[in-house]
Chemist: 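Take this structure, written in structure tokens, and hold onto it; I'll ask about it next.
The first residue of the sequence shown is numbered 1, and numbering continues consecutively from there. Indexing begins at 1, ligand by ligand and atom by atom, following the structure's order. If you're wondering where the values come from, they're calculated on a predicted model, not measured in any experiment.
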Amino acid sequence: MEQGKAKPWGVRIRAVGMAVPEKVVTNHDLEKILDTSDEWIRTRTGIRERRIVDRDVASSDLAERAAREALGKAGWEPQDLDLIVVASATPDHIFPSTAAVLQAKLGVAGSGAFDVSAACSGFVYALSTAAAQVKMGVARRALVVGAETLSKIVDWTDRSTAVLMGDGAGAVLLEPTEEGSDEGILSVYLGADGRGGDLLIQPAGGSRYPASEETVRQGLHYLKMNGREVFKFAVQIMGDAAEEALKRAGLTSEDVDLYVPHQANQRIIDASARRFGLPAEKVWLNIDRYGNTSAASIPIALAEAEAQGRLKKGDIVLLVAFGGGLTWGAAVVRWS
Ligand code: COA
């Protein structure tokens, strides 16, 4: 696409909401069950604590709380929605979709409802999918949720993954902007490289390795990750994705008021911010309190940033994510 001011999509984020479990699990708590230390986790990742759901809570339960918070802020009723899209690496079931489960929990029927599978990039993928439908007029009022209960698929005996993850959900509502408005979504960039699929994977439970005594014995239903390789990929791709989304919006990093990156590792975030010379006050960081909440991390960050007055009308907000697939995605939004 040509450089220069891009035409806005005509779709804006009307409201945001979030939900996290009450239960806090600190690094010190993990020291008691794993061969790890608060010092190792903090210095390697920036994480101090994470929220973990009780056994009987699933992703749709957090999704419902986040969605209701966003609906309340917008003054919308669930029946006002005509599209529900959920991004999750930890859906309630393989099917029905968590979006359909959420729709039922919201007490409505009729709107389109489906899930997007793009692991930690899921929210940006879902946002772009729903926004495109609003832009095309297929839907007018869309709910987009990133919801995760990663604690359910983490091997709590594996220190290399267990310390990284947390549970939570974030939701945004989308609607068309007024004619001629320059607000809302300005650009989106999505990418994937399926050759890296094995680097971050939940091997069993699907049609390749259906759940069996053998898959359970081998722990194949747990999340597996090659941390070092994912780290290298992430540092490179976050910068590349941000650059491409800004280019598509006709903007540069100097225009960015708030950088809201996927919260996977503070060192990855710091490296990507350094590449653009973004000062710390323009980078939203909450990984210390939530760990990596996958598809939920960006909408949780947006909800917190807005609640703390860090997102003002007209602000340029840069969202960047990467994750299993391998996938990546970035979006530029003029806040409204
Ligand atoms: N506590 C203590 N030691 C740990 C540990 C833990 N929780 N986890 C791993 N270690 C050990 C390793 O066993 C290794 O020991 P060794 O040198 O004796 O083999 C050592 O720490 C260093 O491991 P390494 O993997 O090189 O550490 P790292 O600096 O790369 O940090 C990650 C590990 C996982 C934090 C880092 O690679 C990372 O963040 N990767 C990206 C992960 C990510 O973003 N995933 C989500 C994508 S959406």
Chemist: For atom 36 (C) of ligand 1, what is the closest protein heavy atom, and at what distance to 0.1 Å?
Modeler: F231 CD1, 3.9 Å
Chemist: If we only count heavy atoms from C-beta on, is the F231 to R267 side-chain gap below 4.5 Å?
Modeler: yes
Chemist: For atom 29 (O) of ligand 1, what's the nearest protein heavy-atom neighbour? Residue, atom name and distance, please.
Modeler: R44 NH1, 2.7 Å
Chemist: Return a yes/no value: protein heavy atom under 4.0 Å from atom 2 (C) of ligand 1?
Modeler: yes
Chemist: Is the CD atom of E214 crowded by more than 12 outside heavy atoms at less than 6.0 Å?
Modeler: yes
Chemist: Within ligand 1, which atoms have a heavy atom of T45 less than 4.0 Å away?
Modeler: 35 (C)
Chemist: Restricting to pairs with a member in residues 190-200, which pass side chain to side chain donor-acceptor pair (under 3.5 Å), not counting sequence neighbours?
Modeler: D193-R195
Chemist: Atom 20 (C) of ligand 1: which protein heavy atom is closest, and how many Å away?
Modeler: W40 NE1, 4.4 Å
Chemist: Is it the case that over 12 heavy atoms from other parts of the model lie below 6.0 angstrom from the CZ atom of R275?
Modeler: yes
Chemist: Within the supplied structure, the quantity of interest is the number of heavy atoms (other residues, nucleotides, ligands) at a distance under 6.0 Å from Q308 CD; does it exceed 12?
Modeler: yes
Chemist: Using a 6.0 Å distance limit plus a 45 degree cone around the ring axis, check whether R310 lies over the aromatic ring of W284.
Modeler: no
Chemist: At less than 4.0 angstrom from any non-hydrogen atom of F322, what atoms of ligand 1 do you find?
Modeler: 44 (O), 47 (C), 48 (S)
Chemist: To check your reading of the model: name the closest protein heavy atom to atom 41 (C) of ligand 1, its residue, and the distance in Å.
Modeler: G227 O, 3.5 Å
Chemist: Nearest heavy atom to atom 11 (C) of ligand 1 wins, so pick from R267, Q266, R159, K232.
Modeler: R159
Chemist: I'd like to check which ligand 1 atoms, numbered from 1 as shown, lie under 4.0 Å from a non-hydrogen atom of L200.
Modeler: 47 (C)
Chemist: Are R12 and S336 linked by a side-chain donor-acceptor pair shorter than 3.5 Å?
Modeler: yes
Chemist: A234: heavy atom below 4.0 Å from ligand 1, yes or no?
Modeler: no
Chemist: Below 3.5 angstrom, do we get any N/O pair linking M225 and ligand 1?
Modeler: no
Chemist: Using a strict 4.0 Å cut-off to heavy atoms of H262, name the atoms of ligand 1 that fall inside it.
Modeler: 48 (S)
Chemist: Can you name the atoms of ligand 1, numbered from 1 with element, that are less than 4.0 Å from a heavy atom of C120?
Modeler: 48 (S)
Chemist: If the cut-off is 4.0 Å to any non-hydrogen atom of N265, which atoms of ligand 1 fall inside it?
Modeler: 35 (C), 38 (C), 39 (O)
Chemist: Please indicate whether any nitrogen or oxygen in S37 is less than 3.5 Å from any nitrogen or oxygen in ligand 1.
Modeler: no
Chemist: Of all the atoms in ligand 1, which lie at a distance below 4.0 Å from a heavy atom belonging to A264?
Modeler: 44 (O)
Chemist: Cut-off 3.5 Å, side chains only: do E148 and T293 have a donor facing an acceptor?
Modeler: no
Chemist: Given that the side chain starts at C-beta and the backbone is N, CA, C, O, which of these parts of V163 lies under 4.0 Å from ligand 1, counting heavy atoms, or is it both or neither?
Modeler: side chain
Chemist: Using a cut-off of 6.0 Å, state whether more than 12 heavy atoms not belonging to R42 lie near its atom CZ.
Modeler: yes
Chemist: Just to check, does I268 reach to within less than 4.0 Å of ligand 1 when the distance is taken from its heavy atoms?
Modeler: yes
Chemist: Which atoms of ligand 1 sit under 4.0 Å from any heavy atom of S160?
Modeler: 8 (N)
Chemist: Only one of D315, D182, D257, D255 forms a salt bridge (Lys or Arg N to Asp or Glu O under 4.0 Å) with R334, so which one is it?
Modeler: D182
Chemist: Check whether any N or O atom of R228, backbone or side chain, sits under 3.5 Å from an N or O atom of ligand 1, and answer yes or no.
Modeler: yes
Chemist: Nearest protein heavy atom to atom 46 (C) of ligand 1, by residue and atom, and its distance?
Modeler: N292 ND2, 3.3 Å
Chemist: Just verifying a value: how many Å separate D61 CG and T98 OG1, rounded to the nearest 0.5 Å?
Modeler: 10.5 Å
Chemist: Would you say CD of E281 has more than 12 non-hydrogen atoms from neighbouring residues, nucleotides or ligands within 6.0 angstrom?
Modeler: yes
Chemist: For atom 16 (P) of ligand 1, is there a protein heavy atom at a distance under 4.0 Å?
Modeler: no
Chemist: Please check if any side-chain donor atom of S272 sits under 3.5 Å from a side-chain acceptor atom of Y259, or the reverse.
Modeler: yes
